[in-house]
Amino acid sequence: MKKLVLPGLALLGVVALLLVATSVSAAINFRDPSFGKVWNRVDKPVEERSQLGRGYTWGPVVQGSEGISGEIYNTATRDVQYFDKARMEINSSANPNDLFYVTTGLLVKELVTGQRQDGDSTFTNLSPSTVQIAGDPNDNGANTVAPTYASFRSVVTFSGNENGKPAALGSAINSQIDVTGNVSQINPPEQRIIKGYDSNTQHNIADVFVNYGIQNGVIWSGSVFEQGSIFFNNPTYVLGRPVTEPYWIRAVVSGVEKNVLVQLFERRVLTYTPTNAPAFKVEMGNVGQHYYKWRYVTSVIAPLPTVTPVPTIVSIPEPTAMPLPGPTLVPVNGLLVNPNSGPIGQKFQVSGTGFGANESVSVWETGPDMQVTNLPGVTSDSNGKFIFTYQGHAPSGTYTLTVHGNSSGVEKLGDLVVGDASAVPVPSSGFLDVNPASGPVGQKFQISGTGFGVGEIITLWETGPDMQVTNLPGVTSDANGRFTFTYQGHVPIGIYTLTAHGNSSGVEKLCDIAVGTNSATPVPASGFLEVNPASGRVGQKFQITGTGFGVGEIITLWETDPNMGVSGLPAITSDTNGRFTFTYQGHSPIGTYTVTGHGNSSGVEKLCDIVVLG
């Protein structure tokens with residue numbers, strides 16, 4: 001499914017002192033090859049696929065930190081590298097092939113407490129950081145309303161479970177913290193609830209941050225782009241454990257004061273801005289950037305780092321060296337592909353405009369199997385235009401062509417369908433459902449899955465309320481692409497997310513289960529959004545069915561088209577069972593559409609795909 005980008009919504013301005021660079025990884029001199037492997041897995045797709053729909057996990061190297069190759073820890077030098085979002089470290093006691101050979105520093109702890117950790121039990125006392133935790137930089141008092149790291153000193157947990165809270169699964173998040181550290185109750189701008197709980201630090205986790213930690217998306221395998229867990233099937237590896245409750249704050253974002261939900265973890269700070277586009281509502285704060293400034297700029301007693309000269313041939317370019325598109329560049333919404341579909345062997349004419357004059361343009365395709373292949377590049381004419389011929393090939397399905405202006409940085413995409421209509425793969429519009437949706441520890445739940453391949457091996461795993469990921473026994477789908485299995489609830493109590501992954505088709509479905517004896521534990525929506533038929537030609541009418549929403553709830557609907565444009569659909573109201581149906585008519589351009597249903601009261605959100613053929 002596509003990542004959704006709604007037009008006209010501002011992105012959260014958590015970025016302070018951002019570097020400007022047209023190709024981040026190309027300019028990074030990774031201090032250790034293992035740093036590069038970890039960075040590229042998650043951030044290479046973000047850098048090279050401009051419409052991917054997510055932000056950096058690590059980001060560029062912090063400006064000014066290029067000469068730092070190591071820091072003293074336990075009297076020895078530990079290899080480190082600073083990125084905007086975090087600091088990477090080499091754990092020399094681990095196997096180089098182990099995930100935890102590269103770790104992320106517990107920087108949030110030091111920023112909040114002011115205690116710089118120089119060893120397992122060695123600290124240097126500094127002042128807590130007074131950098132704003134979210135929003136615009138506070139240069140010249142531009143964001144004085146936003147809390148700083150120091151503001152969280154009285155609510156943070158770092159030495160056991162001080163300031164911990166009891167589990168409150170399903171409860172609304174309505175606490176606000178201000179710049180003085182004062183906590184009060186507010187009427188939040190949007191209803192968000194507690195979905196996870198960490199029994200070690202005894203802190204609850206916001207639903208949006210739990211969902212963010214278990215998301216899948218495009219990653220780099222080392223040779224190709226593919227679908228996978230963005231956070232290594234282990235969110236704690238990237239985020240650490242939660243060390244505060246989630247709090248609403250006021251922050252100035254792009255010059256406008258607004259509400260932002262924040263939560264501090266050991267390694268990262270997460271923010272949620274309701275007014276952002278869906279794919280960017282949750283973002284990571286610039287913890288690595290803030291820490292570097294705190295340790296090496298504002299804390300004058302910090303010891304000098306171990307410095308290695310940086311070869312000038314790999315230094316990050318200054319912003320003034322970045323080629324900028326000239327005023328003659330007119331952005332267009334994607335490429336023009338003519339025709340939009342055809343059989344294998346069909347020749348398609350691809351036209352692009354809005355590039356630099358006589359600019360070298362890179363071209364690549366992303367196939368229906370998510371394989372990425374470089375194509376011969378082209379050169380634009382004196383008006384920034386180009387035309388080239390693309391020939392359709394196997395496998396049948398939807399291909400995305402991407403063109404990238406090597407000087408201007410302009411990037412455009414276009415979709416085309418290759419193969420006879422009967423050969424075009426029909427996306428799975430099935431679901432993963434659970435019955436019952438909640439029960440006590442020991443309860444047996446029946447899990448039903450549809451929309452998978454025939455006789456396909458399905459890999460299963462659970463993500464617990466403590467964010468721990470555990471593999472479950474796999475199953476095999478039947479002749480209709482369906483399967484059922486029994487899942488038994490266990491401790492710790494809370495909400496579990498089950499994920500089913502088709503090993504051949506790549507289809508992936510999720511459902512939630514509430515396990516616990518507390519009758520107040522919410523029953524999560526385990527419904528779905530389904531389309532029948534799953535594909536058809538322009539003018540075809542599709543029946544969309546939604547379940548798992550609130551009773552009599554207004555459902556906002558929108559579609560994301562093959563060119564990533566977003567259009568609103570008429571809203572609908574669910575019935576007394578939380579269900580609804582409506583008719584959707586296929587239209588041009590042909591390609592894959594994603595329909596999204598959002599419950600305005602419950603916050604439940606479901607998606608389905610429709611293939612519209614020529």
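All residue numbers in this chain count up from 1 along the given sequence.
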Report task. May I have the step-by-step check of side chain to side chain contact (heavy atoms under 4.5 Å, CB included) for Thr273 and Lys281, ending in yes or no? Result -> CA-CA 5 Å; Thr273 306; Lys281 286 180 182 285; 5.9 Å; no
Query raised in the report: In chain order, what residues pass the salt bridge (Lys or Arg N to Asp or Glu O under 4.0 Å) check against Asp43, with sequence neighbours excluded?
Result: none
Query raised in the report: If we only count heavy atoms from C-beta on, is the Trp58 to Val38 side-chain gap below 4.5 Å?
Result: yes
Requested in this report: Please answer whether the main-chain N or O of Asn29 pairs with a side-chain N or O of Gln81 as donor and acceptor at a distance below 3.5 Å.
Outcome: yes
Query raised in the report: When you look at CD1 of Ile457, are more than 12 heavy atoms from neighbouring residues, nucleotides or ligands closer to it than 6.0 Å?
Result: no
Query raised in the report: Taking the inter-plane angle between the rings of Phe483 and Phe485 on a 0 to 90° scale, is it parallel (under 30°), tilted (30 to 60°) or perpendicular (over 60°)?
Result: parallel
Query - Nearest-0.5 Å distance that lies between atom OG in Ser151 and atom CG in Leu264 - result: 10.0 Å
Query raised in the report: Who passes ring pair (Phe, Tyr, Trp, His ring centres under 6.0 Å) against Tyr399, sequence neighbours left out?
Result: His393
Requested in this report: Kindly indicate whether the side chain of Asn211, heavy atoms from C-beta on, has any atom under 4.5 Å from the side chain of Thr497.
Outcome: no
Query raised in the report: Does any N or O in the side chain of Lys606 come within less than 3.5 Å of the main-chain N or O of Phe528, such that one atom is a donor and the other an acceptor?
Result: no
Requested in this report: Examine distances only and state if a side-chain atom of His501 and a backbone atom of Thr459 form a donor-acceptor pair shorter than 3.5 Å.
Outcome: no
Query - Distance-minimising heavy-atom pair for Asn204 and Gln263 - result: O-NE2, 2.7 Å
Report task. Provide the closest heavy-atom pair for Tyr292 versus Gly64 in the form atom of the first, atom of the second, distance. Result -> OH-O, 2.8 Å
Query raised in the report: What distance do Leu169 atom CG and Ile194 atom CD1 have between them, rounded to the nearest 0.5 Å?
Result: 8.0 Å
Query raised in the report: Phe232: what forms a ring pair (Phe, Tyr, Trp, His ring centres under 6.0 Å) with it, not counting sequence neighbours?
Result: Tyr237
**Report entry** Shortest non-hydrogen contact from Asn40 toward Pro45
**Finding:** O-CD, 3.5 Å
Query - Heavy-atom side-chain proximity of Glu462 to Leu498 below 4.5 angstrom - result: yes
**Report entry** Residue pair Thr373, Trp364: steps toward the side chain to side chain contact (heavy atoms under 4.5 Å, CB included) verdict
**Finding:** CA-CA 6 Å; Thr373 305; Trp364 65 90; over 6 Å; no
Query raised in the report: When Thr124 is tested against each of Gln115, Arg295, Arg116, Gln117 for side-chain hydrogen bond (donor to acceptor under 3.5 Å, both in side chains), which residue passes?
Result: Arg116
Query raised in the report: So, do Asn286 and Asp84 sit near enough that their side-chain heavy atoms are less than 4.5 Å apart?
Result: yes
Report task. Return yes if some donor-acceptor pair links the side-chain N/O of Lys85 with the main-chain N/O of Met284 below 3.5 Å, else return no. Result -> yes
Query raised in the report: Between Val208 and Val282, what is the shortest heavy-atom contact and its length?
Result: O-CG2, 3.9 Å
Query raised in the report: Are any non-hydrogen side-chain atoms of Ile68 and Tyr296 less than 4.5 angstrom apart?
Result: yes
Query raised in the report: Residues two or more places apart in sequence or in another chain: which of them pass side chain to side chain contact (heavy atoms under 4.5 Å, CB included) with Glu456?
Result: Phe452, Ile458, Ser477, Ser504, Ser505
Report task. With sequence neighbours excluded, tell me which residues meet salt bridge (Lys or Arg N to Asp or Glu O under 4.0 Å) with Arg87. Result -> Glu71, Glu89
Report task. Hey, could you give me the OG1/CZ distance between Thr236 and Phe265, rounded to the nearest 0.5 Å? Result -> 9.0 Å
Requested in this report: Applying side chain to side chain contact (heavy atoms under 4.5 Å, CB included), name anything that partners Ile219, two or more places apart in sequence or on another chain.
Outcome: Arg41, Glu226
Query raised in the report: Checking Thr122 side chain against Asp118 main chain: does a donor-acceptor pair fall under 3.5 Å?
Result: no
Report summary line: Residues passing the side chain to side chain donor-acceptor pair (under 3.5 Å) test with Asn74, sequence neighbours excluded, are Asp120
Query - 4.5 Å side-chain heavy-atom contact, Phe158 and Leu106 - result: no
**Report entry** Heavy-atom side-chain proximity of Phe445 to Val515 below 4.5 angstrom
**Finding:** yes
Report task. Enter the distance from Thr113:OG1 to Leu126:CG here, rounded to the nearest 0.5 Å. Result -> 9.0 Å
Report task. Answer yes or no: is there a donor N or O on one side and an acceptor on the other, between the side chain of Asp207 and the main chain of Lys195, under 3.5 Å? Result -> no
Query raised in the report: What closest approach, in Å, do Met88 and Val102 show between heavy atoms, and which atom pair accounts for it?
Result: SD-CG1, 4.0 Å
Query raised in the report: Roughly how far apart are Thr157 OG1 and Glu162 CD, rounded to 0.5 Å?
Result: 4.5 Å
**Report entry** Main-chain N/O of Val224 paired with Ser221 side-chain donor or acceptor, under 3.5 Å
**Finding:** yes
**Report entry** Beyond-backbone contact of Thr484 with Ser448, side-chain heavy atoms, under 4.5 angstrom
**Finding:** yes
Report summary line: For Tyr247, the ring pair (Phe, Tyr, Trp, His ring centres under 6.0 Å) test, sequence neighbours excluded, returns none
Query - Test ring pair (Phe, Tyr, Trp, His ring centres under 6.0 Å) applied to Tyr212 - qualifying residues, sequence neighbours left out - result: Phe231
Requested in this report: Could you tell me which residues satisfy side chain to side chain contact (heavy atoms under 4.5 Å, CB included) with Asn471, sequence neighbours excluded, listed by chain and number?
Outcome: Trp461
Query raised in the report: For Leu107 and Gly288, which heavy atoms make the closest approach, and how far apart are they?
Result: CD1-CA, 4.1 Å
Query raised in the report: Got a donor-acceptor contact below 3.5 angstrom from the Trp248 side chain to the Ile173 backbone?
Result: yes
Requested in this report: Measure the CZ-CD1 distance between Arg54 and Ile230 for me, rounded to the nearest 0.5 Å.
Outcome: 4.0 Å
**Report entry** side chain to side chain contact (heavy atoms under 4.5 Å, CB included) involving Asp198 - partner list, sequence neighbours excluded
**Finding:** Asn200, Thr201, Arg241, Pro242
Query - Test log, rule side chain to side chain contact (heavy atoms under 4.5 Å, CB included), inputs Arg268 and Val238 - result: CA-CA 8 Å; Arg268 305 291 181 115; Val238 176; 3.8 Å; yes
Query raised in the report: Can any side-chain N or O of Thr77 pair as donor or acceptor with the backbone N or O of Ile72 at less than 3.5 Å?
Result: no
Requested in this report: Could you label the plane-to-plane angle of the Trp39 and Phe83 rings as parallel, tilted or perpendicular, counting under 30° as parallel and over 60° as perpendicular?
Outcome: tilted
Query - Residues Phe152, Val269; criterion side chain to side chain contact (heavy atoms under 4.5 Å, CB included); working and verdict - result: CA-CA 12 Å; Phe152 291 83; Val269 171; over 6 Å; no
Query - For Tyr149, side chain to side chain donor-acceptor pair (under 3.5 Å) partners two or more places apart - result: His290
